[in-house]
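Notes for the one structure printed next.
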There are 2 protein chains.
Amino acid sequence: MAPATCQARGVRIGVIGATGPAGQAVAVQFAGIGDQVVVGSRSEERAAATVGELRDRWPDRELDLVAGDNRAACDADAVVLATPWEGVPATLADLADALEGRLVVSMVNALAKWGRYMVPLVPPTGSVTAAVALALPGSRVAGAFHNLPAGPWADLEHPLDADVLVVAERRPVAREVTALVDRLPGLRGIDAGNLANAAAVEALTATLVGINIRYKAHASLRLTGITRD
Amino acid sequence: MAPATCQARGVRIGVIGATGPAGQAVAVQFAGIGDQVVVGSRSEERAAATVGELRDRWPDRELDLVAGDNRAACDADAVVLATPWEGVPATLADLADALEGRLVVSMVNALAKWGRYMVPLVPPTGSVTAAVALALPGSRVAGAFHNLPAGPWADLEHPLDADVLVVAERRPVAREVTALVDRLPGLRGIDAGNLANAAAVEALTATLVGINIRYKAHASLRLTGITRD
């Protein structure tokens with residue numbers, strides 16, 4: 001995935017919106033395998049607080065977490081977008097220049113409460129990932145990590161057992177991201193196709209949230225009947 | 001699931017549109033566990049041909065398959081809708097009276113080829129299952145079996161290893177269907193919520209078809225991290 005210069009200094013992951021549950025989980029998981037992770041936030045103060053909380057939770061791990069604003073998180077081998085969905089357009093408008101040429105992985109789910117359950121919102125582009133790709137034509141954009149339960153995924157001691165559906169318009173970009181995913185404990189990256197598939201992958205999160213409420217569980221996806229290599 | 005009178009004579013399953021790959025698979029699986037299955041088709045002749053083919057494929061099994069037209073398939077404890085998506089409105093208009101009060105399980109995926117891959121079509125009701133429920137207010141409507149690969153699922157010797165996401169507007173209807181699913185080899189029914197979730201479940205089929213092409217596989221879904229009972 002990373003060019004030789006990156007390998008030499010280790011992989012650097014940026015997380016935009018890393019103070020929320022999903023962002024914290026992805027940050028701690030990459031830091032847990034020794035990557036340097038820039039914990040980004042609109043507020044550098046909140047980013048620093050999150051870094052402190054994560055270090056306090058895992059005092060025996062030497063987590064290479066760096067607090068920064070969202071722009072700082074763009075300077076990375078892979079930039080994970082983990083903001084609330086409402087913040088995506090403004091965030092991308094602010095950071096488009098800093099994300100030029102970058103690998104950008106959206107894990108944003110657009111969900112809303114409808115009665116007792118969450119329902120997926122369908123943005124005019126069909127999916128959030130497609131919106132990101134359209135807003136960042138100069139970046140390598142993929143979607144991944146949508147379907148992981150944030151709480152359990154933030155637990156470094158108990159890896160999930162899950163496949164991560166990776167969507168991207170171009171297969172080499174999907175392969176970069178499946179390779180990133182494969183480095184994480186318990187996860188396997190699956191190239192789930194182009195961005196026509198992002199709507200299903202993102203919407204499935206609402207279904208899984210409902211299943212988790214109904215069964216008092218933290219469900220993850222596995223594909224059976226498939227050998228990847 | 002079935003009332004006492006049904007238990008006494010065994011479960012009877014009707015399949016509307018049973019001559020296609022998905023319909024054949026569901027028919028042979030229920031027949032494989034000893035249920036009587038009405039193999040329905042617009043053409044009773046084609047239904048009879050399908051019954052003949054399935055019996056020829058499994059000569060050592062005593063499959064209780066009955067050929068009939070689609071109306072005959074409605075007289076069953078559970079009626080599985082397996083027609084092509086284009087045929088759904090006309091089929092339901094024809095059979096609404098015969099389906100009154102019945103348990104109707106739609107396994108219909110609305111897919112179209114877009115370039116090299118299949119994409120999900122979004123009907124004006126959001127999903128095919130929602131369209132079926134709206135067209136049949138007097139029936140107990142659910143969606144299930146969307147994500148199973150038809151070819152491998154038609155193989156009685158090699159059960160799949162899969163969870164079946166069951167969607168229905170009412171939980172008791174979902175439970176009827178998860179109980180039906182649990183009777184089938186290798187499958188577990190999961191109540192995946194109301195029909196707001198049908199869009200994601202149906203659309204996911206296109207993603208799985210793409211994954212199968214890309215990985216030369218027959219992928220099925222499993223949920224991990226969930227104990228159902």
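Chain letters run A, B, ... following the sequence lines, proteins first, then strands; residues in each count from 1.
Both the backbone and the side chain of B:Ala192 come within contact range of chain A, each with at least one heavy atom under 4.5 Å from a heavy atom of that chain. For A:Leu208, the part lying under 4.5 angstrom from a heavy atom of chain B is the side chain only. When heavy atoms are compared at a cutoff of 4.5 Å, A:Leu165 approaches chain B solely by way of its side chain, counted from C-beta outward. Contacts of A:Ala219 with chain B are made by both backbone and side-chain atoms, with heavy-atom separations under 4.5 Å.
Side chains of B:Leu223 and A:Leu221 form a contact here, defined as non-hydrogen atoms less than 4.5 Å apart.
In this structure, CG in B:Asn194 is found 9.5 Å from CZ in A:Arg116, a value given to the nearest 0.5 Å.
Between B:Ala217 and A:Gly225, the shortest heavy-atom distance links the atoms CB-O, 3.5 Å. Listed here is the closest heavy atom pair of A:Thr224 and B:Arg222: CG2-CG, 3.5 Å.
Comparing A:Asn212, A:Asp161, A:Ile213 by heavy-atom pairs within less than 4.5 Å of chain B, the highest count is held by A:Asp161. Looking only at heavy-atom pairs under 4.5 Å with chain A, the residue among B:Ala196, B:Gly193, B:Gly210 that has the most is B:Gly193. Among A:Lys216, A:Arg214, A:Glu202, the residue making the largest number of heavy-atom pairs under 4.5 Å with chain B is A:Arg214. Note: B:Asp191 leads B:Asp191, B:Asn197, B:Val119 in heavy-atom pairs under 4.5 Å with chain A.
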